[in-house]
Amino acid sequence: TTRTVFLAALASQQDTGANRPIAIAPLQAIGALQPRISPDGSTIAVAYQRSIWTLPRAGGTMTRLTQGEGWDSEPAWSPDGKRIAFLHARGSGPGQLRVIQADDGAEVKLPRLVDLRGTIAFNKIAFHPDGRRILGAFRQDGKKDPELGWYNLQTGKIASIMPLHMWGRFAVSTSGKWLAVAATMD
């Protein structure tokens, strides 16, 4: 049986009773974006209001794991459910790979910082099933276009797989032996 959990956040403005325009502050997020279910199915990680949050699958209180300047998006669970990788950016575009502890949001120190192509609506990041590598669209060596590659969490090295000149999505199989890549050619 498949069960569905719906996440929603609503914004409202007080009705002034007058038929005149009202100023509305710019939204920083609409609802919970990019929901990801933990490997054990108990917790959902989301990007919401420029931060990474978790909430129990059965419902309850959301816990904010990241805060501060920037825009955090595309949470990705480690296979053991103990870490969450994500994109940390100035806006909704390119940024850096970050990893935190899933239980309290404590930063996991990476061997070196690496740049990622912005992930909103297209590229994403994913842990390899062994938990030692992260798949992403990385920018390296001053190249203009990012390349799909594996970031090694122990060494900080990137093993390039292929160039990504256009937008696309990719996924890794549960065994880690196969990748699926869908890309636009226009």
Side-chain angles (χ1 to χ4, degrees), residues 29 32-40 43-55 62-164 167-179 181:
L33 303 174
Q34 303 138 347
R36 304 290 187 261
I37 300 173
S38 64
D40 69 2
T43 307
I44 301 170
V46 297
Y48 177 68
Q49 295 293 319
R50 302 182 313 159
S51 298
I52 302 299
W53 298 70
T54 56
L55 67 149
M62 290 178 63
T63 301
R64 186 177 186 170
L65 297 178
T66 65
Q67 51 191 327
E69 295 294 320
W71 189 291
D72 298 334
S73 62
E74 283 293 347
W77 289 94
S78 63
D80 62 7
K82 293 181 179 179
R83 297 167 292 159
I84 299 172
F86 61 95
L87 170 76
H88 175 75
R90 287 186 169 183
S92 61
Q96 294 182 328
L97 174 68
R98 300 278 173 93
V99 180
I100 56 173
Q101 296 293 337
D103 59 350
D104 63 5
E107 181 180 1
V108 173
K109 185 146 175 67
L110 298 176
R112 73 179 179 111
L113 295 177
V114 291
D115 293 330
L116 280 169
R117 174 186 267 181
T119 61
I120 299 288
F122 292 100
N123 296 305
K124 66 176 189 171
I125 55 179
F127 274 87
H128 186 277
D130 67 14
R132 297 187 309 234
R133 297 178 284 165
I134 295 176
L135 181 67
F138 297 102
R139 292 182 188 272
Q140 57 181 337
D141 303 325
K143 294 179 182 175
K144 177 184 173 190
D145 292 321
E147 295 179 342
L148 182 62
W150 289 107
Y151 174 81
N152 186 307
L153 290 164
Q154 295 164 339
T155 67
K157 294 182 180 178
I158 298 171
S160 181
I161 298 169
M162 63 182 280
L164 289 175
W167 295 107
R169 290 292 270 187
F170 38 85
V172 60
S173 68
T174 56
S175 69
K177 293 180 181 180
W178 298 95
L179 297 177
V181 179

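Along the sequence shown, residues are numbered consecutively beginning with 1. Because the structure is predicted, anything quoted here is derived from the model rather than measured.
- More than 12 non-hydrogen atoms from other residues, nucleotides or ligands lie less than 6.0 angstrom from CD1 of I161.
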Begin from the C-alpha positions of I158 and E147 and carry the test side chain to side chain contact (heavy atoms under 4.5 Å, CB included) through to its verdict. CA-CA 10 Å; I158 298 171; E147 295 179 342; over 6 Å; no
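- Put simply, CG on L153 and CG on L97 are 7.5 Å apart, with the number rounded to the nearest 0.5 Å.
- Here the side chains of L116 and F138 are in contact, with some heavy-atom distance below 4.5 Å.
- Residues passing the side chain to side chain contact (heavy atoms under 4.5 Å, CB included) test with T66 are S51, I52, D72, F86, I100, sequence neighbours excluded.
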R83 vs Q101, side chain to side chain contact (heavy atoms under 4.5 Å, CB included): CA-CA, chis, key distance, verdict: CA-CA 5 Å; R83 297 167 292 159; Q101 296 293 337; 4.2 Å; yes
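- Residue P35 comes nearest to I44 through the heavy atom pair CB-CG2, 4.1 Å, listed as atom of the first residue, atom of the second, then distance.
- Within the model, atoms CZ of R139 and CD of Q96 stand 12.5 Å from one another, a figure rounded to the nearest 0.5 Å.
- Scanning for ring pair (Phe, Tyr, Trp, His ring centres under 6.0 Å) contacts around H128 gives W150, with sequence neighbours left out.
- For N152, the side chain to side chain contact (heavy atoms under 4.5 Å, CB included) test picks out Q154, T155, with sequence neighbours left out.
- Residue L65 holds its CG atom at 4.5 Å from OG1 of T54, rounded to the nearest 0.5 Å.
- We find the CZ-CG distance between F127 and D80 to be 8.0 Å, quoted to the nearest 0.5 Å.
- Between atom OG1 of residue T43 and atom CG of residue L55 there is a gap of 8.0 Å, rounded to the nearest 0.5 Å.
- For the pair P39 and W77, the tightest heavy-atom approach, listed with the atom from each and the gap, is CD-CB, 3.8 Å.
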Taking distance alone, no hydrogens or angles, what donor-acceptor pairs closer than 3.5 Å link side-chain atoms of residues 106-113 to residues at least two apart or in another chain?
residue : atom : partner : partner atom : Å
R112    : NE   : G156    : O            : 2.6
R112    : NH2  : G156    : O            : 3.3

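- Here the CD-CD distance, from Q67 to Q49, works out to 13.5 Å after rounding to the nearest 0.5 Å.
- Residues passing the side chain to side chain contact (heavy atoms under 4.5 Å, CB included) test with T174: none are found, sequence neighbours excluded.
- Heavy atoms only, all atoms of each residue included: P129 and S173 are closest at CG-O, 3.6 Å.
- For the residue pair A126 and A76, the shortest heavy atom distance occurs at CA-CB, 4.3 Å.
- Within the structure, the salt bridge (Lys or Arg N to Asp or Glu O under 4.0 Å) test picks out no pair touching residues 153-162 (sequence neighbours left out).
- For W53 against Y48, the heavy-atom pair with the smallest separation is NE1-O, 2.8 Å.
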Checking R36 against Q34 for the side chain to side chain contact (heavy atoms under 4.5 Å, CB included) test, could you report, in this order, the C-alpha distance in whole Å, the side-chain angles of both residues, the deciding distance, and whether it holds? CA-CA 6 Å; R36 304 290 187 261; Q34 303 138 347; 3.8 Å; yes
